[in-house]
Protein chains: 2
Amino acid sequence: MSTIKDVAKKAGVGIGTVSRVITGKGFVSEQTAKRVQKAVDALGYRPSPTARKLQAGKSQTIGVFLPVIRGSFYAPILHSLYTELQARGRHMVVAFGQTVTNERQEALEGAQFLIDHGCDGLILMATALKLRDVENLIVEQPRLALLNKHFDRYAEMCFVPDHEAAGAAAARALWQLGHRRFATIEGPEISADNVLRMRGFYKELTALSVDVERIPRFYGDFMPKGGWAGARALLAGKVRFTALFCANDEMALGALSYLSHEGVAVPDDISVMGYDGLDITTYTVPPLTTIGVPWTEIVLSTVNYLLNCCYGTKLPVERNPPATILWRGSVAAVGTAKKVKQQPAS
Amino acid sequence: MSTIKDVAKKAGVGIGTVSRVITGKGFVSEQTAKRVQKAVDALGYRPSPTARKLQAGKSQTIGVFLPVIRGSFYAPILHSLYTELQARGRHMVVAFGQTVTNERQEALEGAQFLIDHGCDGLILMATALKLRDVENLIVEQPRLALLNKHFDRYAEMCFVPDHEAAGAAAARALWQLGHRRFATIEGPEISADNVLRMRGFYKELTALSVDVERIPRFYGDFMPKGGWAGARALLAGKVRFTALFCANDEMALGALSYLSHEGVAVPDDISVMGYDGLDITTYTVPPLTTIGVPWTEIVLSTVNYLLNCCYGTKLPVERNPPATILWRGSVAAVGTAKKVKQQPAS
DNA sequence: AGTCTTTCTGACAGCGCTTTCGAACTTCGC
DNA sequence: GCGAAGTTCGAAAGCGCTGTCAGAAAGACT
């Protein structure tokens, strides 16, 4: 790699002049600029971001923490993040979590890593973070945005889909189709993500005078396996139901798979509703009716907000894009469906 | 952020001494070391990786290029990459491609970015790369590993599943179950990834004296949508078939979805085989029989190889972990299956 | 004492860059 | 023809760190 010195020597000027030509700041005569440019091209010189960062303190880089990058959920979010940042001419460094159980610790370490590596701002997607974590973090790096986690005290920097409203919408939709007997496959009981959407779901049903205490529930792991296990447990239980609400799409996939395996027809025998709106749900069998969370929009706003913080840009920030119900084939009105199109396998 | 100077002042020593304590190199008396350590703790000092990189030329960071991070395919690979690197105490910086059509250009730009940012080595997953691209790249950064792309000339640094053998295995397996009439949903015609596995598939069938010229094929986009379109086109065609081989799992998902939509029973009417072994294929309806590509092992070897290059470690590198057939429910022997369990929807 | 090790420590150069600062050179108005 | 103002450019400082080097301190020898 050639350095600024090489260019200066080749062009017969001082390094300051080269720098001025590169950055476009300060006065340089047309002639000199041309000579320098020629040397730059000849040597294939590109300034070192590392040296720039050390000098300037700014790196044009945003740090991102994501809990984990398996499954189908985080990939599109990462993709949006990357695309938006790229489009605004900034770079992205990612730290991931590895385990499900230790998200908080990993997020803290990840954030530390990102700060140390000179990111100008941080986007943290970590539901497990506590208020005091944020308070500590903010001291070191005030340019912070939180994805999918809300603190009243830091409402400004928090970007969260309205999970509670979305959960309520799911309940209402199912009710309006005539469903009265529900079952749910929740995520991990402690997961804030799960709690919110399920709270919305149960609250709405309560308002609709359903006795939610009697709704059979299963706590899964947000993965297809959990959905499979959940469907099995629920089917084995005594309480019959016509509508199954899953706290995320991946579990819904598992549930769909088990139901099919057992010869239970969806939606004829049981309607299944997912949550998230993963791309893949268009192509399940049957296609999954699910709650479409507007992640792309939310990510866009998050990025814009942070960029405004970091670089004084004036990009638009939208606060509450609503979730929508993606109507597919896995939910039907009660009584409408033809009976048992499919027989048990064995 | 406190700097090494602050620590030195606080501990009443020179900055060199602090550096020696931090890095553990050179002689420092127990006493002094303790004093320095105390200052470090008090100030919460952590050395700046940026400054270190500038000074040392090494960054303990590996750069990774991935074509795109949508869909379900790259996420587990990224995850493996990250986990392995993390486990070996190195960092990862990722550059992604954005479009499907411009992979080569994007890979080149991504690699450039990673080099500029001081990565000690590069892992490039870009099938579209040409030999001369690699030749150019290697001048700037000889510590290179290529994932899923093979050049005879650089066999050392290339880590590729044996797609051709895997494709052949798929053909053989289908044949052995009595299938004689095949159809295929390929990936993009120019995709090397697609070409290899399909070549293996057709070659093997030819060896088994199937006239592969008469096999109806559809060129998809490696995405569920393409699989859906492929299944529709193939079903609409005149040539009947009992086995459908899809060049990747995502298209198989789409195909499965269309077949179900049309009331075609899988595997009773048509056996469907995928390729990749995505996690999710365990939970499709029916569960998808697919070719399990040992990405985790391949990634592990790639990382180890590159780490050996960069840091002189002696980590084990395995060259050719074989693909395996993941037997699920979407493939059956011809004639075995019960007839038409399911009726067309309309 | 004087010399030689051995052990420890601070000063300082330098990684590649940006940004002052002031010197040198123009241009202009009077 | 001379000072003021405007331009242009090189020297040099400094971002935070590591590594070299030589000097200081402390023993272990003549």
Side-chain angles (χ1 to χ4, degrees), chain A residues 1-40 43-61 91 112-113 115-120 140 311, chain B residues 1-40 43-61 91 113 115-120 140-141 311:
Chain A
M1 279 301 299
S2 45
T3 74
I4 199 170
K5 273 189 196 167
D6 303 328
V7 178
K9 193 176 292 177
K10 179 133 190 165
V13 299
I15 58 168
T17 306
V18 178
S19 175
R20 252 162 279 150
V21 173
I22 301 289
T23 58
K25 291 178 189 168
F27 299 99
V28 180
S29 74
E30 197 112 342
Q31 283 182 17
T32 327
K34 219 169 251 174
R35 242 188 20 242
V36 170
Q37 192 55 53
K38 204 172 279 180
V40 166
L43 265 44
Y45 167 76
R46 277 157 302 135
S48 145
T50 306
R52 276 192 163 163
K53 182 173 356 180
L54 183 58
Q55 157 66 28
K58 287 260 172 175
S59 60
Q60 304 296 328
T61 299
H91 308 307
Q112 204 56 262
F113 167 79
I115 291 176
D116 288 351
H117 278 257
C119 294
D120 296 338
E140 289 213 62
Y311 311 110
Chain B
M1 278 301 299
S2 46
T3 75
I4 198 170
K5 273 189 195 168
D6 303 328
V7 177
K9 193 175 292 178
K10 177 134 192 165
V13 300
I15 59 167
T17 305
V18 177
S19 174
R20 251 163 280 150
V21 173
I22 300 290
T23 59
K25 292 176 189 168
F27 301 98
V28 179
S29 74
E30 197 111 342
Q31 284 182 16
T32 329
K34 219 169 254 173
R35 238 183 27 238
V36 170
Q37 192 56 53
K38 204 170 281 180
V40 167
L43 265 46
Y45 167 76
R46 276 156 304 135
S48 145
T50 307
R52 278 193 161 161
K53 181 172 357 178
L54 183 59
Q55 154 68 25
K58 288 259 173 175
S59 61
Q60 305 296 329
T61 298
H91 309 308
F113 166 79
I115 292 175
D116 288 350
H117 279 255
C119 294
D120 296 338
E140 289 212 62
Q141 174 54 285
Y311 311 109

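Lettering follows sequence order; numbering is per chain, from 1. These figures come from a predicted structure and were not determined experimentally.
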**Student:** Across the strands shown, which category fits B:S29 at heavy-atom distances under 4.0 angstrom: base, sugar-phosphate, nothing?
**Tutor:** sugar-phosphate
**Student:** How long is the line joining CZ of A:R20 and P of C:dC17, in whole Å?
**Tutor:** 15 Å
**Student:** Would you indicate what B:T23 reaches in the nucleic acid, counting non-hydrogen atoms under 4.0 angstrom: base, sugar-phosphate, or nothing?
**Tutor:** sugar-phosphate
**Student:** Considering residues at least two apart in sequence or located in another chain, which fulfil the side chain to side chain contact (heavy atoms under 4.5 Å, CB included) criterion with B:T61?
**Tutor:** B:S59, B:H91, B:V93, B:C119
**Student:** Whether the A:R52 and A:Q60 side chains hold a donor-acceptor pair (N or O, under 3.5 Å, no angle test) is what I'd like checked.
**Tutor:** no
**Student:** So, for B:V7 and B:V40, which heavy atoms are closest and what is the spacing to 0.1 Å?
**Tutor:** CG1-CG2, 3.8 Å
**Student:** Which is more 5' along DNA chain D, the nucleotide nearest B:G16 or the one nearest B:A51? Just name the residue.
**Tutor:** B:A51
**Student:** With sequence neighbours excluded, tell me which residues meet side chain to side chain contact (heavy atoms under 4.5 Å, CB included) with B:K58.
**Tutor:** B:D120, B:R143, B:Y311
**Student:** Between atom CG in A:L54 and atom C1' in C:dT19, what is the gap in whole Å?
**Tutor:** 14 Å
**Student:** Between which nucleotides of DNA chain D, read 5' to 3', does contact with chain A run, using atoms under 4.0 Å from its heavy atoms?
**Tutor:** D:dT8 to D:dG16
**Student:** Determine whether B:S48 and B:M1 make a side-chain contact, defined as any pair of heavy atoms from C-beta on separated by less than 4.5 Å.
**Tutor:** no
**Student:** Rounded to whole angstrom units, what separation is found between the CD atom of A:Q31 and the C1' atom of C:dT26?
**Tutor:** 14 Å
**Student:** Roughly how far, to the nearest 0.5 Å, is NZ of B:K53 from NZ of A:K53?
**Tutor:** 5.0 Å
**Student:** Measure from the side chain of B:T17, starting at C-beta and using heavy atoms only, and say which of C:dT18, C:dC17, C:dT9 lies closest.
**Tutor:** C:dT9
**Student:** Mind listing the closest non-hydrogen atom pair of A:T3 and A:Y45 along with its distance?
**Tutor:** C-CE1, 3.5 Å
**Student:** To the nearest angstrom, how far is A:I22 atom CD1 from C:dG16 atom P?
**Tutor:** 15 Å
**Student:** Under 4.0 Å from OP1 or OP2 of C:dT18: is there any side-chain N or O of A:R52 that close?
**Tutor:** yes
**Student:** Could you list the donor-acceptor pairs under 3.5 angstrom formed by side chains in residues 22-30 of chain A, with sequence neighbours left out?
**Tutor:**
from, atom 1, to, atom 2, distance (Å)
A:T23, OG1, A:S19, O, 2.9
A:T23, OG1, A:K25, N, 3.4
A:S29, OG, A:T32, N, 3.3
A:S29, OG, A:T32, OG1, 2.5

**Student:** Rounding to a whole Å, what distance do you find between A:Q55:CD and C:dT18:C1'?
**Tutor:** 4 Å
**Student:** Would you mind classifying the nucleic acid contact of B:S19 as base, sugar-phosphate or nothing, using non-hydrogen atoms under 4.0 angstrom?
**Tutor:** base
**Student:** Between P on C:dG16 and NE2 on B:H117, what's the gap in Å once rounded to a whole number?
**Tutor:** 16 Å
**Student:** Name every residue in residues 4-12 of chain B that has at least one heavy atom under 4.0 Å from any atom of DNA chain C, in order of residue number, or write none if there are no such residues.
**Tutor:** B:G12
**Student:** Is A:K53 near enough to C:dC17 that one of its side-chain N or O atoms lies under 4.0 angstrom from OP1 or OP2?
**Tutor:** no
**Student:** Between the base of C:dG16 and the side chain of A:R46, is there a donor and acceptor pair under 3.5 angstrom?
**Tutor:** no
**Student:** Rounded to whole angstrom units, what separation is found between the CD1 atom of A:I15 and the P atom of C:dT20?
**Tutor:** 15 Å
**Student:** Do you know which two heavy atoms are closest between A:P49 and B:D116, and how far apart they sit?
**Tutor:** CD-O, 3.1 Å
**Student:** Anything under 3.5 Å between a donor and an acceptor, one on a side chain of residues 8-18 of chain A, the other on a protein residue two or more places apart or in another chain? List them.
**Tutor:**
none

**Student:** Identify, between B:A56 and B:E30, the residue whose nearest nucleotide on DNA chain C lies closer to the 5' end.
**Tutor:** B:E30
